[in-house]
S.K.: 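Before anything else, here's the structure in question.
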Protein chains: 2
Amino acid sequence: MEAEGLRARKKRARLEAFVDATHRLAAEHGLERVTVEAICAEVGVSVRTFFNYFETKDDAVLGLEHWRLDPVAAETFAAGGPSGDLLPDMQALTASALDHPPLGKERMERAFEVAKGHPELMLRAYTHLQGLHDDLAALVRRRLGDTTDESVVTLVGALLLALAHATFLRWDAAGGGGDVHEHLPGVVSDLAGILATGR
Amino acid sequence: MEAEGLRARKKRARLEAFVDATHRLAAEHGLERVTVEAICAEVGVSVRTFFNYFETKDDAVLGLEHWRLDPVAAETFAAGGPSGDLLPDMQALTASALDHPPLGKERMERAFEVAKGHPELMLRAYTHLQGLHDDLAALVRRRLGDTTDESVVTLVGALLLALAHATFLRWDAAGGGGDVHEHLPGVVSDLAGILATGR
DNA sequence: ATGCATTCTTGCACGCGCTGCAGGGTTGCG
DNA sequence: CGCAACCCTGCAGCGCGTGCAAGAATGCAT
């Protein structure tokens, strides 16, 4: 019944080992003092292998691989749903992404813990998500119409990322307890309030 | 009458030489095939000196150094002006930044030309602007009140950047003629429209 | 001009991230 | 059991970026 072969399971285990070792060492010595070599020594594997798993040292912190959007939520968004208003629907899309971290919630939280002191990591996440940019652009385009200007697509994409980032910060400010996505509505309403009413 | 000594003028000239050489080589061979060594050979200066001017190879493309906000515009923004509504005032602040590129308009346009094919550069600009983040945060905080949540500050900051980026894209899509900031109102109105009405 | 302090440039050695290649070992499957 | 596909590994090497210490250029005062 195991659809996954031994090969795939070993690969996944190794990947998680990399991520965990990176988190452990980063928490202890600070990320900038942790070399790829050290991580590999911890895992018991060659340096060359590390780069068969990750493009970048930073990717090991974030556990980045195929952080794809939930297809169902994406489809709904593209079709103009669920509510029909763009802002709450962006909220829904973001929440779905936050609910499906690829390597489990604890790892994601530890990753964010490390990333707090290292803004470049957030940036790396941005670039990685720019791999999603094409998908995202297609989504936005399908929703808003083919004539939509590239700059508008970019704007909406940036907005989505900023939403996710701000939500993380708020979750962290609240002590890091509970679900991350619980803090999304607050962020969205603040944004809407600011933009709508001026101030 | 020359307030700038010979020293300062030489420094500035060399900095511009670095930027221009980088642009020239990048346009010819593509940025990833241009080494710092090649840039320095072009300028006729040692590699070590390059890194006395820039922290990063990418910084040479962008000519990043002290891209500070216009103090007057910043002050106006913080005080709640000029219009009193946040969105148009963000527009005004962004326009002022776009109107004061530190190394001249042609260089900025060439930098953007290179950056189009290299998203990491935009990101680098973002981190660099995070040096401004403290200033910007202080600005936003003064405007919105001391109690403003960190995440809101981040959100507004990201929004400002996205505004600038989208404006560049639109300017470029229009053929790259005329003033960049002329395309800002269109971007802003699109954003406002999207967020206000849903769709 | 002359001497002196400050600043800028340069070469050197080095660490680290990251890559291509070539080989040997492991896994999956008929 | 044997073959094909896949994966790990060491090695050699490039490129970015830094600390250091010696030497050149500059600014300034006399």
Side-chain angles (χ1 to χ4, degrees), chain A residues 1-19 21-22 25-26 29-65 114 118-121 123-125 127-128, chain B residues 1-19 21-22 25-26 29-62 64-66 114 118 120-121 123-125 127-128 131:
Chain A
M1 249 321 126
E2 283 289 340
E4 277 199 332
L6 182 146
R7 210 152 199 149
R9 238 175 312 124
K10 259 196 169 175
K11 186 163 186 167
R12 178 162 206 82
R14 188 101 85 184
L15 193 140
E16 292 180 355
F18 272 132
V19 173
T22 306
L25 291 174
H29 305 106
L31 181 59
E32 65 284 341
R33 309 206 128 277
V34 177
T35 73
V36 174
E37 213 165 348
I39 298 170
C40 293
E42 188 89 356
V43 178
V45 128
S46 88
V47 176
R48 194 61 187 76
T49 299
F50 180 95
F51 290 104
N52 289 343
Y53 281 78
F54 304 100
E55 287 183 13
T56 297
K57 178 184 159 188
D58 292 347
D59 287 2
V61 176
L62 301 168
L64 291 181
E65 257 219 332
V114 177
H118 299 268
E120 347 97 44
L121 289 183
L123 276 292
R124 175 63 190 172
T127 45
H128 193 86
Chain B
M1 250 318 127
E2 283 290 342
E4 278 199 332
L6 180 144
R7 208 152 201 149
R9 239 176 311 123
K10 258 197 170 177
K11 185 162 189 170
R12 177 162 207 83
R14 191 159 280 184
L15 193 140
E16 293 180 355
F18 272 131
V19 173
T22 307
L25 292 174
H29 304 107
L31 182 59
E32 65 285 341
R33 311 206 126 276
V34 177
T35 74
V36 173
E37 212 166 348
I39 298 170
C40 293
E42 188 88 357
V43 177
V45 129
S46 89
V47 177
R48 195 61 189 77
T49 299
F50 180 94
F51 290 105
N52 289 344
Y53 281 78
F54 305 100
E55 288 182 12
T56 297
K57 178 184 157 188
D58 292 347
D59 287 3
V61 176
L62 301 167
L64 290 182
E65 258 221 332
H66 23 42
V114 176
H118 299 268
E120 347 96 43
L121 290 183
L123 277 292
R124 174 64 192 171
T127 44
H128 192 86

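Convention: sequence-line order gives letters A, B, ...; per-chain numbering from 1.
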S.K.: Which nucleotide in the list D/dC7, D/dG10, C/dC8 gets nearest to the side chain of A/S46?
M.R.: D/dG10

S.K.: Once you apply a heavy-atom cut-off of 4.0 Å, does B/R33 come out as touching a base, just sugar-phosphate, or nothing?
M.R.: nothing

S.K.: Indicate yes or no: at least one non-hydrogen side-chain atom of B/T49 is less than 4.5 angstrom from one of B/V43.
M.R.: no

S.K.: Tabulated below should be each protein N or O lying under 3.5 Å from an N or O of nucleotides 15-19 of chain C; please produce it.
M.R.:
from, atom 1, to, atom 2, distance (Å)
C/dG17, OP1, A/K57, NZ, 3.2
C/dG17, OP2, A/V36, N, 3.2
C/dC18, OP2, A/K57, N, 2.7

S.K.: Mind checking the CZ-CZ spacing from B/R12 to B/R9? Nearest 0.5 Å is all I need.
M.R.: 12.0 Å

S.K.: So, is A/T49 near the phosphate of D/dC8, with a side-chain N or O under 4.0 Å from OP1 or OP2?
M.R.: no

S.K.: Can you check the B/N52 CG to D/dG19 C1' distance for me, whole Å?
M.R.: 12 Å

S.K.: Using a cut-off of less than 4.0 Å, is there contact between a side-chain N or O of B/Y53 and OP1 or OP2 of C/dT9?
M.R.: yes

S.K.: Could you tell me the separation between the CZ atom of B/F50 and the CG atom of B/D59, rounded to the nearest 0.5 Å?
M.R.: 8.0 Å

S.K.: Residues in salt bridge (charged side-chain N to carboxylate O under 4.0 Å, His left out) with A/D58, at least two apart?
M.R.: none

S.K.: Would one find more than 12 heavy atoms of other residues, nucleotides or ligands at under 6.0 Å from atom CD of A/E16?
M.R.: yes

S.K.: Considering only nitrogen or oxygen atoms on both sides, find all protein atoms under 3.5 Å from nucleotides 21-25 of chain D and state each distance.
M.R.:
none

S.K.: Does some side-chain heavy atom of A/T22 sit less than 4.5 Å from a side-chain heavy atom of A/V34?
M.R.: no

S.K.: Would you call A/F54 and A/V19 a side-chain contact if the rule is heavy atoms closer than 4.5 Å?
M.R.: yes

S.K.: Would you give the length of the straight line joining atom NZ of A/K57 to atom CG of A/L31, rounded to the nearest 0.5 angstrom?
M.R.: 5.0 Å

S.K.: Just how far, in rounded Å, is P of D/dC16 from CG of B/D59?
M.R.: 13 Å

